[in-house]
Each structure stands twice: as structure tokens, then as C-alpha cells.
Amino acid sequence: MQNIVILTGAGISAESGLKTFRAEDGLWENHPVEEVATPEGFARDPDLVQRFYDDRRAQIRAAKPNAAHEALGRLDREWGGELLLVTQNIDDLHERGGAGRLLHMHGEALSAWCRACDARHSWERTLRDGPPCPACGAAALRPDIVWFGEMPYQMERIFSAIAQADLFVSIGTSGAVYPAAGFVQEAARVGAHTLELNLERSAGSGFFDETRLGPASALVPQWVEQVLAK
Ligand code: APR
């Protein structure tokens, strides 16, 4: 076993106190997707959308990585083969848990993107008051988030990693949102072993060779231990 691709979702950060999207008290309960997570919603009411992501940014800054993030950081340090950690999460808990071979396919809450000059900037403050872009000065910064109807980042790199994968592991994601939800089928097609670690069965659970159910803070460290012991 040499090449590992891992996909993570909101469930891995739940035990750090960050809400998932589709739980009963999840983010999409009180914030309709079309209002806060589409380009059309942003055009209609930018202040509402900036406020939603200002809140996300503040909560992320106050959260700490949990045992699952730390275990993936350890795996990244100790695994000699290829590894790519693809996260749908916009928080920075994987980075703070020590993961380096990481990409954020749905963008990052702590990044701002200038619609005028296309520059991206690390961003911890509010975007609500229309701050100038540090590169061009235009008041055109938006959250660097991939909204519904927009193209996720780095798809070519992700699919080429999956094409070489021996093991594909999905952690803490409901499998409701494509293209991420389809990665398991692609991994199975190229002959990778597929493993799901989640609190409950995801929408695509039937496509996995193996499913382990439980909280990420328990399942992920156990699995990492097992992989590194081989
Ligand atoms: N440990 C493991 N899994 C958990 C835990 C936990 N402690 N808590 C919740 N989960 C699982 C839930 O059972 C659920 O299957 O995490 C999953 C979270 O699902 P979603 O809320 O749908 O989050 P996610 O799959 O990341 O959403 C995908 O949807 O709106 C978009 O862009 C947003 O990236 C997000 C995408």
C-alpha cells in the first residue's frame, strides 16, 4: 500500500465545536443555502453573506484541532508513500493539526479573494465593512469560498491523485455534495480499497468496501495507528 487519498468533511471538525451543515441544528437549518452560499445570494445581499462568513471566521479562530486532525497530521509526517488530504472544510484545523499535504477544494474561511484583481489574501478580520484589497485597493473582497454553482478548486490534481490511489478514505462527510461525493466511485473504479469513517452511514455508503461508524476523534486515531503499524 503506497498511495493514500483522504477526503474530509464537516464531521471531522464537529468535536472541535464547529457545526456541520446537514445536522438537525446544522448551519443550513438557520441559513438557507441559496441565501448565503451562492453567487446570486451574495449579489442580492452581500452584507448578510459577509456576516455569515464573519461568524464562521470567528468560530474557527476560537476552535482547536481535535484528536482526528492531530492523527492525520501524524500520518502526514510519518507516511512514506504518496498522500493527499482533500478537505471540503473551510476551517484551518487540518493545518493546525499538522497536515501539510492538504488542499481545500471548497476554499478557506481565512482567505479573502479580490474580484477586481484576482489576488488572494490571508484574512482574519471582518469583510463586512468593505476593506480595500491590499494588492489593488478596490473594495471588492469576497470570502474565498466555493459556493454552489461554482467550480471546486484543484479538481485535476484531485482526480490524478485518485487515479494513483491504493486506498481512499472518506471521513466525516454526508456524501450529499458532488463532485466530492463521487470520489469513492472513481477510487473504486481504479481498484483502490475504499473505507468510510463516519458517525452514521453516508449517502454513498454502499460504494465503500468498508464502513466504520463512530466519532472521528476515536475512529481516525485508531485507523492511523493501524496504517502506520503495517
Ligand atoms: N465524527 C464523525 N462524523 C461525524 C461527526 C463526528 N463527531 N459528527 C457528525 N458527523 C458526520 C455526520 O453524520 C454527517 O454524515 O459528518 C457528516 C457531516 O455532513 P454535512 O453536514 O453534510 O457536511 P459535509 O459532508 O462536509 O458537507 C459537504 O456541503 O454545503 C456544503 O460546502 C459545504 O463542504 C460542505 C459540503
Side-chain angles (χ1 to χ4, degrees), residues 6-42 49 52-53 55-57 59-60 63-72 85-94 97 102-111 113 142-155 158 168-185 194-208 210-224:
I6 302 169
L7 172 69
T8 65
I12 198 166
S13 297
E15 291 164 89
S16 293
L18 300 178
K19 283 191 170 187
T20 66
F21 296 95
R22 294 177 179 76
E24 265 175 37
D25 63 343
L27 286 172
W28 293 157
E29 271 302 300
N30 298 317
H31 307 276
V33 172
E34 57 283 3
E35 284 180 15
V36 299
T38 61
E40 295 78 15
F42 185 58
V49 176
F52 178 74
Y53 288 99
D55 287 350
R56 305 280 71 73
R57 218 173 284 121
Q59 287 173 15
I60 289 165
K64 293 192 172 59
N66 65 53
H69 300 104
E70 306 278 0
L72 294 182
L85 175 51
V86 179
T87 188
Q88 300 169 89
N89 298 343
I90 61 171
D91 65 52
D92 65 344
L93 297 180
H94 282 306
L102 166 73
L103 67 83
H104 284 270
M105 67 178 288
H106 291 168
E108 297 173 61
L110 298 172
S111 172
W113 173 30
R142 60 164 266 186
D144 188 8
I145 304 289
V146 176
W147 286 325
F148 286 93
E150 298 181 323
M151 184 64 87
Y153 295 152
Q154 305 204 46
M155 293 307 296
I158 296 170
F168 172 77
V169 186
S170 167
I171 305 171
T173 177
S174 62
V177 175
Y178 283 82
F183 292 168
V184 60
Q185 283 158 282
T194 57
L195 167 66
E196 163 174 58
L197 307 177
N198 208 33
L199 199 56
E200 59 200 4
R201 286 190 176 276
S202 66
S205 194
F207 295 116
F208 287 86
E210 191 187 344
T211 293
R212 301 181 193 174
L213 300 180
S217 66
L219 294 184
V220 179
Q222 272 164 22
W223 169 70
V224 166

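Just follow the structure's listing: the first ligand is 1, and inside any ligand the first atom is 1. Bear in mind the structure is a predicted one, so any value in this text is a computation, not a measurement. All residue numbers refer to positions in the sequence shown, counting from 1.
- Atoms CG and CZ, on L213 and R201 in that order, are 5.5 Å from each other to the nearest 0.5 Å.
- Relative ring orientation between H69 and H94 is described as perpendicular, the plane-to-plane angle rising above 60° on a 0-90° scale split at 30° and 60°.
- Ring orientation note: the planes of F183 and F168 are nearly perpendicular, at an angle over 60° on the 30°/60° scale.
- Enumerated by chain and number, the residues approaching ligand 1 to less than 4.0 Å through a heavy atom are G9, A10, G11, A14, E15, T20, F21, R22, W28, Q88, H106, F148, G172, T173, S174, V177, N198, L199, E200, G214, P215, A216.
- Remark: L195 engages V169, L197, E210, R212, W223 in a side-chain contact (heavy atoms from CB on, under 4.5 Å) (not counting sequence neighbours).
- Judged purely by atom type and a 3.5 angstrom limit, N198 uses its side chain to pair as donor or acceptor with the backbone of G172.
- Judged by distance alone, with hydrogens and angles left aside, the side-chain atoms of E196 form a donor-acceptor pair with the main-chain N or O of S202 at under 3.5 Å.
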